[in-house]
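Down below is the structure, laid out as structure tokens.
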Amino acid sequence: MELNAKYNPAEVEDKWYAYWLKNRCFHSEPDSREPYTIVIPPPNVTGILHMGHVLNNTLNDVLIRKARMDGKNACWVPGTDHASIATESKVVARLAAQGIRKEDLTREEFLKYAWEWKEEHGGIILQQLRKLGASCDWDRTKFTMEPALSDAVTATFVYFYKKGLIYHGYRMVNWDPVAHTAISDDEVIHRDTKSHFYHLRYFISDGNGNPTKDFLVIATTRPETIMADAAICVNPADERYHHLRGKKVLIPLINREIPVIEDDYVEMDFGTGCLKVTPAHDAHDYEIGQRHDLPILEILDDDGRLNENARILIGQDRFEARKNIVKMLEEAGNLVKIEEYISPVGYSERTDAVIEPKLSKQWFLKLEELAKSALEAVESGNIKLIPDKYRNVYRHWMENAHDWCISRQLWWGQRIPAWYLPDGSVVVEETVEKALKAARAACPGITQADLQQDEDVLDTWFSSWLWPISVFDAARPGHPEHKPNRDLRYYYPTSDLVTGPDIIFFWVARMVMAGGEFMGDVPFRNVYFTGIVRDKLGRKMSKTLGNSPDPLELIAKYGADSVRLGMLLCSSAGNDILYDESQVEQGRNFCGKIWNSWRLVNGWRVDENGRQNESSRVAVKWFDNLLSRTILQVEDHYRKFRINDALMAIYKLFWDDYCSWYLELVKPAYGEAVDGYTYDATVGFFDKLLKLIHPVMPFITEEIWHAMAERHAGETIMYERTPVAGPFDEDFLAGFDQARQIITGVRGIRAQKQIAPKDALKLCIEGAFSREFLPIIGKAANISAFTDTVEGAAQSFIVGTVKCSVPLEGLVDTGQERARILADLEHQRKFLAGVRAKLSNAGFVAHAPQSVIDTERKKEADALSRIEALEASLNSL
RNA sequence: GGGAGAUUAGCUCAGCUGGUUUAGAGCACCUGCCUUACAAGCAGGGGGUCAAUGGUUCGAGUCCGUUAUCUCCCACCA
């Protein structure tokens with residue numbers, strides 16, 4: 001773009017993304033280089049980009065671009081997840097809007113609509129990722145429900161079934177009455193919810209189904225389920241109720257007789273000590289029912305409405321029925337009192353419906369064995385979790401992993417490969433043909449028409465847990481005997497996984513299990529957990545609150561580079577991100593700064609034969625040293641996944657050090673030219689800075705990098721190498737810092753006290769400890785009237801005669817200085833004593849790692865030389 | 001109910017094996033500047049008894065105990 005004063009991201013971003021695509025810059029094939037691999041946490045196929053995606057994918061992209069510039073064969077595999085519940089409910093809603101009910105469709109018809117929806121909306125999010133600059137290898141785009149990956153899921157099911165880890169059984173499951181499906185324990189979110197504790201009076205039966213005057217009181221939060229009661233249960237030790245042993249009570253309103261039973265489960269001091277047992281609609285009650293052989297009566301249908309078994313309030317929704325039955329109970333004289341009560345209620349993660357415990361036949365995968373090896377992978381350090389604190393969370397879950405309910409009463413997903421025979425037995429095979437063959441072995445003469453496939457599909461996570469394997473070689477999952485193809489051999493295990501901690505169990509842990517089972521190796525080496533993006537007030541971003549900005553609008557307004565930088569600025573690993581637009585503004589400002597610094601350097605007139613002045617020489621030397629030191633720091637930050645620290649180090653290097661100090665020091669005076677040597681150094685620094693910041697800001701760096709020199713077709717900064725650190729002189733840098741402090745101090749004095757420039761200069765000279773920095777001080781302190789004479793002043797200073805009208809004496813308060821030095825000296829001596837005590841401690845020397853001991857030795861040496869120096873300056877005072 | 005983590009400037013957070021930074025950064029704030037790259041900027045400045053309390057140590061923001069507050073995870077007391 002033109003060298004206008006304002007940088008316009010819109011002008012360059014689409015251009016460069018198209019350029020990268022055209023030149024297949026993101027594509028990777030196995031070769032002799034070391035691979036660096038990331039598989040994308042696949043977003044829902046029907047999803048649209050939100051701030052969480054921006055954070056996650058920005059981090060992924062920074063890592064992959066960094067690895068690419070480090071010379072690795074970087075491969076980022078993109079794709080989408082079919083998200084069975086989420087997608088199916090969207091399709092159902094869309095059909096409903098057209099007046100079509102799912103129940104009126106056949107499975108095939110419904111799936112046709114679903115696939116249409118997928119073709120229309122699927123992949124929108126992938127297009128949006130391009131706007132963000134994501135450098136995914138789009139040739140490798142995968143979808144969890146594409147044929148090969150679906151086959152992998154089916155094969156996996158068969159594999160675990162035959163291994164005896166999958167079973168089919170009646171269990172109390174979490175029923176989502178809105179989505180009409182069972183969901184796993186992990187998909188239930190418990191929230192404390194305000195409800196009521198209803199105390200109800202149950203009259204004792206006289207034995208013939210008639211109430212006596214005697215009664216007991218139970219407390220319940222769910223009065224609408226009393227019709228399904230199978231017993232009243234008390235603790236056997238509860239003497240208050242011993243007189244009721246063997247008695248029966250009558251369920252209010254319907255007068256059905258139920259026994260009073262005793263079980264240790266009941267807490268005597270909770271509620272009234274009487275528990276109504278409703279085996280069909282409560283998981284605990286179910287267990288009690290099993291122990292006491294109680295009948296199970298279901299009174300709720302799949303929608304959560306009361307059915308004929310309830311005898312009253314038939315057809316009413318459970319919450320409506322609750323209101324109504326309370327009224328009826330009150331009128332009938334069964335309601336004793338109502339208490340306000342807060343209890344944890346389970347909600348569906350997807351539909352937010354209140355979960356209904358429901359007894360049904362589902363498929364389960366035993367996790368105990370798998371969890372053990374997955375735990376080992378993390379405990380042994382084969383997988384590192386960042387931050388480390390998630391190890392505890394992970395361990396806790398792995399040690400308490402319940403069997404995983406993997407069937408879902410949905411149509412959108414991989415259908416369970418189980419076929420029922422007329423006699424009720426089941427065969428599990430990858431295809432109907434194989435199933436038929438297997439069935440015939442048992443009952444010859446059976447035909448395909450006799451086989452009835454299970455209606456359910458598999459949990460989405462049952463496909464995503466294969467993702468790091470199946471994106472490379474879908475034939476492997478379920479078939480450990482299958483020889484892995486070239487991609488899988490080369491790219492697996494992947495390098496890093498970046499994801500949110502909310503899916504550590506859903507996804508991360510299960511990928512580790514699948515990896516161990518089918519690959520005998522971990523699926524990734526490092527897992528970096530991002531925080532959750534919240535708004536400025538700490539609230540979760542949500543559609544209903546309307547506090548979630550549209551990332552695409554942000555990108556349109558500020559540019560992708562700014563959005564990326566803004567996001568990273570506020571994201572330390574594992575901490576929640578408080579997003580605020582001002583951070584993106586900061587990103588935009590930084591873009592402007594980079595752009596303008598390029599305009600400055602680009603606009604200089606160069607005199608190739610010009611003599612380099614002293615301040616430029618020192619400035620170049622300084623920045624060269626500083627650059628090397630910073631590169632090392634940045635590398636260290638990247639190694640520790642401290643991405644925002646790495647970014648901040650580069651940001652400060654670029655803005656504070658390069659722009660505010662370096663460029664000001666070497667900037668030629670108005671109308672003058674810069675000497676060739678300084679110019680080359682300046683442009684060289686700029687080039688390295690661009691490369692350092694490229695992983696975070698891909699677009700502006702590509703634009704400027706192309707403007708800096710003639711580039712070949714297809715050439716890109718993406719494939720340039722990360723700048724490497726050269727040697728640097730720590731003392732020199734420290735000296736410069738001190739000089740810089742002096743300058744800042746002088747500026748402060750001048751700003752506040754308005755002292756004469758020459759006096760300011762004198763202060764500079766007084767403070768300067770090394771003649772090398774005098775020219776720098778003269779220039780940077782902006783004492784323009786004296787700039788020309790600085791070198792002369794420096795000379796004079798060196799020989800001890802300073803050409804200043806004010807005598808130097810009196811500028812330093814010797815008494816104060818002496819006190820300061822003495823205090824410092826005492827401190828140093830104590831410090832030294834401490835260090836020596838540590839070093840002479842036999843236990844410390846024997847057990848401390850060598851690096852720690854070395855550090856202590858260095859401390860000792862430093863303290864010694866420091867003491868020496870202090871003593872010397874004390875003597876000279 | 002169990003577990004984990006947090007508490008440092010107005011806000012968000014660093015502070016990695018106890019010391020050397022006189023506790024730092026970014027943003028925000030205040031003052032002065034439209035100075036010939038940049039007002040989306042420049043220069044300067046103020047602001048913290050490191051939650052409270054006890055202990056270990058020559059030395060504690062850092063380690064240990066207690067208290068308070070908060071966050072997250074797990075958990076079906078009806």
Side-chain angles (χ1 to χ4, degrees), chain A residues 3 5-7 172 174 185-186 188 190 197 218-222 233 265-267 269-272 274-278 282-287 341 343-346 355 357 387 389-397 400 501-502 504-505 532 536 538 558 562 569-572 574-578 580 582-583 585-604 636 640 642 644-645 648 651-652 659-660 663-664 667 669-671 744 747-752 782 824 827-835 837-838 848-849 851-852 855-856 859 862-863 866:
Chain A
L3 279 172
K6 293 276 181 279
Y7 171 68
M172 198 51 100
N174 309 295
D185 290 345
D186 312 301
V188 179
H190 291 274
F197 216 17
I218 59 102
T220 180
T221 54
R222 301 203 58 190
C233 191
Y265 168 73
V266 179
E267 303 270 337
D269 50 4
F270 188 82
T272 61
C274 293
L275 168 71
K276 74 185 206 55
V277 183
T278 319
D282 184 280
H284 261 302
D285 291 7
Y286 174 73
E287 281 171 25
Y341 187 62
S343 64
V345 173
I355 291 303
K389 64 178 174 184
Y390 285 109
R391 268 175 58 166
N392 291 326
V393 183
Y394 183 88
R395 185 189 316 116
H396 186 260
W397 191 78
N400 300 287
D502 47 334
I504 182 167
F505 308 131
I532 293 165
K536 214 177 167 181
Y558 294 102
S562 309
L569 275 176
C570 53
S571 61
S572 55
N575 286 332
D576 282 359
I577 314 300
L578 296 202
D580 184 31
S582 73
Q583 288 146 345
E585 282 176 26
Q586 202 183 335
R588 174 199 58 188
N589 297 352
F590 189 44
C591 283
K593 193 68 185 176
I594 295 174
W595 181 249
N596 280 306
S597 59
W598 165 241
R599 285 178 61 223
L600 173 69
V601 175
N602 187 56
W604 281 345
D636 188 51
K640 294 173 180 161
R642 305 170 74 116
N644 64 336
D645 286 343
M648 193 50 75
Y651 177 90
K652 284 197 258 189
C659 293
S660 296
L663 287 182
E664 293 300 330
K667 186 156 89 175
Y670 187 60
T744 304
R747 279 179 186 161
I749 291 166
R750 286 199 67 204
Q752 290 187 342
N782 197 20
D824 199 3
H827 180 78
Q828 291 299 328
R829 284 176 177 150
K830 264 193 181 171
F831 174 56
L832 182 65
V835 171
K838 203 169 187 178
S851 62
V852 175
T855 310
E856 292 301 317
K859 282 178 187 170
D862 285 354
R866 189 89 189 244

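Every heavy atom of this structure was used, including side-chain atoms; hydrogens, water molecules and symmetry mates were not. A, B, ... follow the sequence lines: proteins, then strands. Residue 1 opens every chain. Since we're looking at a predicted model, the values are computed, not measured.
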I'd like the C1' distance from rA9(B) over to rA51(B), given in whole Å. 15 Å
For the C1' atoms, the ones on rU53(B) and on rU7(B), what distance do you get once it is rounded to whole angstrom? 15 Å
Any residue meeting side-chain hydrogen bond (donor to acceptor under 3.5 Å, both in side chains) with Lys640(A), in chain and number order, not counting sequence neighbours: Asp636(A)
Produce a footprint string for nucleotides 35-41 of chain B: one letter per nucleotide, 5' end first; B if the base is under 4.0 Å from any protein heavy atom, S if only the sugar-phosphate is, - if neither. -BBB-BS
Under the side-chain hydrogen bond (donor to acceptor under 3.5 Å, both in side chains) test, which residues partner Asn400(A), sequence neighbours left out? none
Just call it for Lys652(A): base, sugar-phosphate, or nothing, with non-hydrogen atoms closer than 4.0 Å on any strand. sugar-phosphate
For the atom pair NZ (Lys276(A)) and SG (Cys233(A)), what is the distance rounded to the nearest 0.5 Å? 12.5 Å
Any Arg642(A) side-chain nitrogen or oxygen under 4.0 Å from OP1 or OP2 of rG15(B): yes
Taking atom C1' in both rA52(B) and rC70(B), compute the distance separating them and give it to the nearest angstrom. 15 Å
Among all residues two or more places apart in sequence or in another chain, which pass the side-chain hydrogen bond (donor to acceptor under 3.5 Å, both in side chains) test with Arg395(A)? Glu379(A), Asn392(A)
Nearest-Å distance once atom C1' is located in both rG19(B) and rG10(B): 31 Å
With rounding to whole Å, what would you report as the distance between rA6(B) and rA78(B) at their C1' atoms? 34 Å
Parsed dot-bracket for RNA chain B after applying the Watson-Crick and G-U rules with both distances under 3.5 Å and | for other-strand partners is (((((((..((((.....[....)))).(((((.......))))).....(((((..]....))))))))))))....
Looking only at side chains, do Arg599(A) and Asn596(A) share a donor and an acceptor under 3.5 Å apart? yes
Hey, does Val601(A) reach any base, or is it just sugar-phosphate, or nothing, if we go heavy atoms under 4.0 Å? nothing
Applying a 4.0 Å non-hydrogen cut-off, can you work out what Gln586(A) is touching in the nucleic acid: base, sugar-phosphate, or nothing? sugar-phosphate
C1' atom, rC63(B) versus rU17(B): distance in rounded Å? 12 Å
By side-chain hydrogen bond (donor to acceptor under 3.5 Å, both in side chains), which residues pair with Asn589(A), not counting sequence neighbours? none
Expressed in whole Å, how much space separates the C1' atoms belonging to rU21(B) and rA60(B)? 16 Å
Which sits closer to the 5' end of RNA chain B, Leu569(A) or Asn392(A), going by the nucleotide each is nearest to? Asn392(A)
